[in-house]
Amino acid sequence: MRIEDMSIDQLLEMNRVICRRIDQLQDQENMQALSQLRVGSKVTFNGREGPKVGIVTKINRKSVIVLAEDDGMKQYKVSPGLLRLLRDVK
């Protein structure tokens, strides 16, 4: 069936199915990202003003609180999928 031939009800149902699948995939990505984070981990992310580096201070189910080092200790609430763990360079 072509999308142009579908009724509004059929399109709405397809939309619900697609949105549900997107949510599932995002949840999987977030769980994977959360499994690598610990309180005290050093992370980087792109903030509104550009790249930020900070320390994880709290881990929630859907977000992580990061204390930015370069912003006078400003806190950010960030989706786990947007964080990149920084490894210590030795």
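Being a predicted model, the structure only gives us computed values, none of them experimental.
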Here the gap from D27 atom CG to I22 atom CD1, rounded to the nearest 0.5 Å, amounts to 12.0 Å
Measuring only between side-chain heavy atoms, which start at C-beta, is Q32 closer than 4.5 Å to Q36? yes
Heavy-atom closest pair, residues L86 and T44: CD2-CG2, 3.9 Å
State, to 0.1 Å, how close A33 and P80 come at their nearest heavy-atom pair, and which atoms those are. CB-O, 3.4 Å
All heavy atoms of T57 vs all of V66, minimum pair found to be OG1-N, 4.4 Å
Do the non-hydrogen side-chain atoms of E13 and R16 ever get within less than 4.5 Å of each other? yes
Indicate, with yes or no, if L12 and V17 share a hydrophobic cluster defined by side-chain heavy-atom contacts under 4.5 Å among Ile, Leu, Val, Met, Phe, Trp and Tyr. no
Smallest separation among heavy atoms of R61 and L34, with atom names: O-CD1, 3.2 Å
ILVMFWY network linking I3 to I8, side-chain heavy atoms under 4.5 angstrom: no
Heavy atoms, side chains only, cut-off 4.5 Å: are V56 and R38 in contact? no
Calculate, to the nearest 0.5 Å, the distance between atoms CG and OG belonging to N60 and S79 respectively. 11.5 Å
Given side chains that start at C-beta, do those of Q10 and M1 come closer than 4.5 Å, heavy atoms only? yes
Roughly how far apart are I55 CD1 and E69 CD, rounded to 0.5 Å? 4.5 Å
Verify the neighbour count for atom CG of L25: are there more than 12 heavy atoms of other residues, nucleotides or ligands below 6.0 Å? yes
Heavy-atom count check: over 12 atoms from other residues, nucleotides or ligands less than 6.0 Å from M6 CE? yes
Would you say L85 and I65 are hydrophobically clustered, going by side-chain heavy atoms of ILVMFWY under 4.5 Å? no
One should read off an interatomic distance between L11 CG and E4 CD, to the nearest 0.5 angstrom, of 9.5 Å
Are L37 and M31 connected in a single hydrophobic cluster, I mean Ile/Leu/Val/Met/Phe/Trp/Tyr linked by side-chain heavy atoms less than 4.5 Å apart? yes
Heavy atoms, side chains only, cut-off 4.5 Å: are L82 and N46 in contact? no
